[in-house]
Q: 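Provided herewith is a single structure, encoded as structure tokens, for subsequent inquiry.
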Amino acid sequence: MNSLTLILGGARSGKSRRAEALVTALPPPWTYIATAEAFDAEMAARIAAHRARREAGWETLDAPRDLPDILSRARPPVLVDCLTLWLSNLMLAENDISAATEALEGALRARMGPVVLVSNEVGQGIVPATPLGRRFRDAQGVLNQRIAALADHVELVVAGIPLKVKP
């Protein structure tokens with residue numbers, strides 16, 4: 001199976017748990033590609049909670065900015081959590097978002113084995129007050145659309161309930 005699944009949802013919607021359930025339904029070992037960086041104690045605690053929740057059988061690879069490269073070398077099945085933090089890391093480092101997105105699309109097209117990606121749906125809230133916030137919201141929407149176009153399956157998780165968006 002060489003499927004690509006995108007799981008979208010808001011903050012604390014249950015999207016990561018849904019993605020983990022999809023991957024762990026396959027035989028282990030599983031690869032978890034984490035894009036978060038612990039810049040403060042609160043984020044370190046979030047990362048630790050995610051790691052503690054995962055059962056044995058996961059290999060964790062960190063890819064805060066070099067996701068396409070890490071993805072191309074990861075053993076399937078793969079869970080990427082999450083594209084939102086990856087995009088944020090790229091924007092804060094002033095990387096070329098278009099080139100990075102193209103590289104990610106290329107890595108996803110070349111993948112062998114199942115991949116599940118997690119991303120936030122950020123366009124349903126208030127308009128951000130800052131130019132950076134608005135650029136991020138817009139870039140996240142474009143990234144989600146581009147990955148959804150490649151995906152075999154897209155789900156939106158609302159209050160822990162997955163809704164099929166694309167079969």
Side-chain angles (χ1 to χ4, degrees), residues 1-10 13-38 46-47 50-51 53-123 135-157 162-167:
M1 184 168 81
N2 202 25
S3 68
L4 176 61
T5 302
L6 175 63
I7 306 294
L8 298 166
S13 63
K15 61 191 175 297
S16 292
R17 286 184 192 270
R18 174 62 178 160
E20 291 167 10
L22 289 173
V23 172
T24 57
L26 301 168
W30 313 291
T31 302
Y32 191 105
I33 300 179
T35 62
E37 291 185 284
R46 285 176 180 260
I47 291 169
H50 263 255
R51 284 183 187 249
R53 185 177 71 218
R54 294 194 294 271
E55 60 190 90
W58 286 98
E59 174 189 14
T60 300
L61 305 173
D62 293 310
R65 280 170 294 288
D66 56 348
L67 178 57
D69 181 53
I70 297 295
L71 181 61
S72 68
R73 296 180 296 160
R75 179 179 46 194
V78 175
L79 186 160
V80 176
D81 197 359
C82 75
L83 294 180
T84 309
L85 289 172
W86 176 69
L87 177 63
S88 177
N89 294 339
L90 292 175
M91 289 184 77
L92 292 174
E94 298 183 1
N95 288 35
D96 182 337
I97 303 305
S98 181
T101 301
E102 288 174 17
L104 177 59
E105 289 170 323
L108 290 169
R109 282 188 193 98
R111 285 284 312 144
M112 297 304 290
V115 177
V116 178
L117 301 117
V118 175
S119 191
N120 283 60
E121 181 54 62
V122 299
R135 276 196 330 270
F136 172 76
R137 181 218 37 212
D138 293 349
Q140 185 67 62
V142 170
L143 176 61
N144 287 348
Q145 288 182 53
R146 289 177 70 170
I147 300 306
L150 285 178
D152 302 297
H153 309 282
V154 178
E155 293 184 7
L156 175 66
V157 179
L163 306 169
K164 300 267 186 218
V165 175
K166 181 179 179 180

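Keep in mind it's a predicted model, so treat the numbers as computed, not measured.
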Q: Between Ile147 and Leu108, is the side chain to side chain contact (heavy atoms under 4.5 Å, CB included) condition met? List the steps.
A: CA-CA 9 Å; Ile147 300 306; Leu108 290 169; 3.8 Å; yes

Q: Under a plain distance cut-off of 3.5 Å, with no hydrogens placed, do Ser72 and Arg111 share a side-chain donor-acceptor pair?
A: no

Q: Quick one: does Lys166's side chain have a donor or acceptor within less than 3.5 Å of a partner on Ala151's backbone?
A: yes

Q: Identify the heavy atoms of Ser16 and Arg53 that sit nearest to each other, and give their distance.
A: CB-NH2, 3.6 Å

Q: Can you name the residues that form a side chain to side chain contact (heavy atoms under 4.5 Å, CB included) with Val142, not counting sequence neighbours?
A: Arg146

Q: Could you tabulate the donor-acceptor pairs under 3.5 Å formed by side-chain atoms of residues 112-120, not counting sequence neighbours?
A:
unit_1	atom_1	unit_2	atom_2	d
Ser119	OG	Gln140	NE2	2.8
Ser119	OG	Asn144	OD1	2.6
Asn120	OD1	Thr84	OG1	3.2

Q: Among residues at least two apart in sequence or on other chains, which ones pass side chain to side chain donor-acceptor pair (under 3.5 Å) with Glu121?
A: none

Q: If you look at every heavy atom in Ala139 and Leu87, which pair is closest and at what distance?
A: C-CD2, 3.7 Å

Q: Considering only heavy atoms from C-beta outward, does the side chain of Trp86 approach that of Val80 to under 4.5 Å?
A: no

Q: Mind listing the closest non-hydrogen atom pair of Pro77 and Pro29 along with its distance?
A: CD-O, 3.5 Å

Q: Would you please name every residue forming a side chain to side chain contact (heavy atoms under 4.5 Å, CB included) with Ala107, sequence neighbours left out?
A: Pro68, Leu71

Q: So does Leu4 get a backbone contact from the side chain of Asp152, meaning a donor-acceptor N/O pair under 3.5 Å?
A: yes

Q: Please report the shortest heavy-atom distance between Trp30 and Val23, naming the atom on each side.
A: NE1-O, 3.3 Å

Q: How would you list, by chain and number, every residue that makes a side chain to side chain contact (heavy atoms under 4.5 Å, CB included) with Arg109, sequence neighbours excluded?
A: Glu105, Leu150

Q: Looking at residues at least two apart in the chain, or sitting in another chain, which of them share a side chain to side chain donor-acceptor pair (under 3.5 Å) with Thr24?
A: none

Q: Just jot down the side chain to side chain donor-acceptor pair (under 3.5 Å) partners of Asp69, sequence neighbours excluded, or say none.
A: Arg73

Q: Over 60° means perpendicular and under 30° means parallel, so tell me whether Tyr32 and His50 are parallel, tilted or perpendicular.
A: perpendicular

Q: Who are the side chain to side chain donor-acceptor pair (under 3.5 Å) partners of Arg46, not counting sequence neighbours?
A: Glu42

Q: Could you give the side-chain donor-acceptor pairs of residues 88-97 under 3.5 Å, partners two or more places apart or in another chain?
A:
unit_1	atom_1	unit_2	atom_2	d
Asn89	ND2	Thr35	O	2.8
Asn89	ND2	Pro64	O	3.0
Asn89	ND2	Leu85	O	3.2
Asp96	OD1	Ser98	N	3.1
Asp96	OD1	Ala99	N	3.0

Q: Do the side chains of Arg54 and Thr60 get nearer than 4.5 Å, heavy atoms only?
A: yes

Q: Mind checking what makes side chain to side chain contact (heavy atoms under 4.5 Å, CB included) contact with Thr31, not counting sequence neighbours?
A: Ile33, Glu59, Leu61, Ala74, Arg75, Val78

Q: With the threshold set at 4.0 Å, does a side-chain nitrogen-carboxylate oxygen contact exist between Lys15 and Glu20?
A: no

Q: In Å, rounded to the nearest 0.5 Å, how long is the span from CD1 of Ile7 to CG of Leu83?
A: 11.5 Å

Q: Test of understanding: with salt bridge (Lys or Arg N to Asp or Glu O under 4.0 Å), list the residues that count as partners of Arg18, not counting sequence neighbours.
A: Glu155

Q: Applying side chain to side chain contact (heavy atoms under 4.5 Å, CB included) to Val157 and Leu8, what does each step give before you reach the verdict?
A: CA-CA 6 Å; Val157 179; Leu8 298 166; over 6 Å; no

Q: For Arg51, which residues count as a salt bridge (Lys or Arg N to Asp or Glu O under 4.0 Å) partner, sequence neighbours excluded?
A: Asp62

